[in-house]
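The structure appears right after this line, and notes come after that.
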Protein chains: 2
Amino acid sequence: MSSATSNPTSNGAPSAGAGAAAPGTSPTFSPLYQQIKALILQSLQSGEWKPGELIPSEVELANRFKVSQGTVRKAIDELAAENLVVRRQGKGTFVATHHEARAQFRFLRLMPDAGEPHYADNNILEVKRLRAPAEVARQLDIKSGDSVIFIKRVQSFDGAPTIVEELWLPGVIFKGLTAERLVEYKGPMYGLFETEFGTRMIRASERIRAVAADEPTAELLNVAQNTPLLSVERVSYTYGDKPVEVRRGLYLTENHHYQNDLS
Amino acid sequence: MSSATSNPTSNGAPSAGAGAAAPGTSPTFSPLYQQIKALILQSLQSGEWKPGELIPSEVELANRFKVSQGTVRKAIDELAAENLVVRRQGKGTFVATHHEARAQFRFLRLMPDAGEPHYADNNILEVKRLRAPAEVARQLDIKSGDSVIFIKRVQSFDGAPTIVEELWLPGVIFKGLTAERLVEYKGPMYGLFETEFGTRMIRASERIRAVAADEPTAELLNVAQNTPLLSVERVSYTYGDKPVEVRRGLYLTENHHYQNDLS
DNA sequence: TAGTGGTCTAGACCACGCT
DNA sequence: GCGTGGTCTAGACCACTAG
């Protein structure tokens, strides 16, 4: 790649020839490093490199794509900033995974008021297959009535039940998910999804409200009915901004709080 | 700057001489671009370049600091990522300000369930000077009993009171802040702080809980007592991670929600 | 010692905003 | 046309890891 020509739309690999396409007016200009980023993203999504694995070195990728190392670097920089990949000096660049300390609390913002964040005990109450309610179907971008896996669980900190949560997962993707596998599995649920079902959560959006505990929820959390609870409704997305999980949690915030840093 | 030598600790400007300090083992290695970033940060903090103003071009800064443009670029890249500075291709780099559309909703995460986010009507109930309660003093990193400005206000959306908020500001910094100035001022409160008191908020940390409305709050929000509300406790920081505002808000989430994106 | 990511440079050219 | 930020390259050297 001798000169910085622009390739208007997406093309498999950057044009190999010397001074290729017309550099003139560019209708939909896309920087080379963005194209490289998209290519790497494809390899991640396709599973060519799996979570936890080492991806090819910058030099190797530069040779493969026929661009300079600096361009590959910039592409990987962005992927690292989006937590899709983790750089380790002297070792290489690895595909990010939910099985590692640094990613554990990225999707759980409920912190104890005092002391270090720690793991929750997980009590699965129910796992069943059902037909997606209209609202859930809308959020998962599937048809109303399509098969979904429904999970209900209670999470406790130091023996105190704190979170009641209901989850809906597309049946097509999470076929074969059973209560046993959920209970047996040690570690974060997103880790299980990643290794057992090949679906990696990369982004989520939460809507938070205050609500009053209804009777069954109050009983599960061992508090009085109408106790104020945080309602956290989450939609999680995998590659390509595809929604693959709806989660509705009720958090007891007597000794915990939802932590959020604005910057 | 001919070679990439490292300057162990902070030094005013990168060593000017050709191949300066010992490049050998580096006890506390700090990349050149980080040093440049720190220098630019100083100019921002000292007010050499004020919010909204154009800062010197990359080439000019490169000459001033005797480094390459690429190094200045990387420094500014990070400042831009932290929202301290805004790049505009063809025009230059500007000091970020709270008086601009793009920064308006960075610190207000309460969104209407339907429709576009819009501005709140601001009803100042009370502004007075008092001595900092212990807890507030601790959060502001001042002495208990030091003078603070206390503000209480109600914010309404489309005529519906939705937020009851109490604020504490260090008296030393916000001397002369009165109810009149708050009421007269059009635009975001952080914009006023920035232009009238030379204090720019760059970061904030929030702790969110669910609580029951007490009687006076319920009356202000025009709801029944014990209605579940979102309690949002915020500490805001200016340059140097110095806390300069404590804010306790109670949000009515019947037609609004606190929006948070995890990534 | 070899390989990887991380820093720094110098120079070329492109896209954009203004005059 | 000129100045600004944005992209791309090629090459040198540094810091870190592991065999």
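Computed from a predicted model, the values in this text were never measured in an experiment.
OP1 and OP2 of dG5(C) both lie 4.0 Å or more from every side-chain N or O belonging to Arg88(A). When the side-chain nitrogen and oxygen atoms of Lys91(B) are compared with OP1 and OP2 of dG3(D), none of them lie within a distance under 4.0 Å. Taking 4.0 angstrom as the limit, Thr93(B) places a side-chain polar atom (N or O) nearer than this to OP1 or OP2 of dG5(D). Between Ser57(B) and dT4(D) there is a side-chain polar atom (N or O) within less than 4.0 angstrom of OP1 or OP2. At the phosphate of dT7(C), neither OP1 nor OP2 sits under 4.0 Å from any side-chain N or O atom of Thr71(B). An OP1 or OP2 oxygen of dC8(C) is reached within less than 4.0 angstrom by no side-chain nitrogen or oxygen of Lys74(B). Of the side-chain N and O atoms in Arg87(A), none sit less than 4.0 angstrom from OP1 or OP2 of dT4(C).
If you find the closest nucleotide of DNA chain D to Pro31(A) and to Gly90(A), the one lying nearer the 5' end belongs to Pro31(A). Each of Gln69(B) and Val72(A) has a nearest nucleotide on DNA chain D; the 5'-most of these lies closest to Gln69(B).
One interatomic measurement links the two molecules: CZ of Phe29(A) to C1' of dC14(C), which rounds to 7 Å at whole-angstrom precision. Counting to the nearest Å, the P atom of dC14(D) and the CD atom of Gln89(A) are 14 Å from each other. One interatomic measurement links the two molecules: CG of Asn63(A) to C1' of dA10(D), which rounds to 13 Å at whole-angstrom precision. Between the C1' atom of dC16(D) and the CZ atom of Phe94(A) lies a distance of 13 Å, rounded to the nearest Å. Across the protein-nucleic acid pair, Ile36(A) atom CD1 and dT7(D) atom C1' stand 13 Å apart, rounded to whole Å. One interatomic measurement links the two molecules: CD of Gln34(B) to P of dC8(C), which rounds to 9 Å at whole-angstrom precision. One atom, CD of Glu58(A), and another, P of dA10(D), lie 15 Å apart when rounded to the nearest Å. Between Glu60(A) atom CD and dG3(C) atom C1' the separation is 12 Å, expressed in whole Å.
Put simply, the side chain of Val72(A) does not reach to within 4.5 Å of the side chain of Tyr33(A), judged on heavy atoms. Between Glu245(A) and Thr238(A) the shortest side-chain heavy-atom distance does not fall below 4.5 Å.
Ring orientation note: the planes of Phe105(B) and Tyr119(B) are tilted relative to one another, at an angle of 30° to 60°. Ring geometry, Tyr190(A) versus His98(A): the interplanar angle exceeds 60°, so the pair is classed perpendicular (tilted spans 30 to 60°). Ring orientation note: the planes of Phe174(A) and Phe197(A) are tilted relative to one another, at an angle of 30° to 60°. Ring-plane geometry between Tyr258(A) and Tyr258(B) is classed as perpendicular, the angle between the planes exceeding 60 degrees on a 0 to 90 degree scale with a lower cut at 30.
Here dT7(D) is the nucleotide among dC16(C), dA15(D), dT7(D) with the atom lying nearest to any side-chain atom of Arg73(B). Taking the side chain of Tyr33(B) as heavy atoms from C-beta on, and the options dT4(C), dT9(D), dC8(C), the nearest nucleotide is dC8(C).
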Q. When Watson-Crick pairs (N1 to N3 and N6-O4 or O6-N4) and G-U wobble pairs (N1-O2 and O6-N3) count only below 3.5 Å on both distances, what is the dot-bracket string of DNA chain D, with | for other-strand pairs?
A. ||||||||||||||||||.
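Ionic pairing of Glu165(B) and Arg234(B) is not present here: no N-O contact between side-chain nitrogen and carboxylate oxygen is shorter than 4.0 angstrom.
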Q) Given Gln42(B) and Glu48(B), is the side chain to side chain contact (heavy atoms under 4.5 Å, CB included) satisfied, shown in steps? A) CA-CA 9 Å; Gln42(B) 278 181 25; Glu48(B) 181 181 337; over 6 Å; no
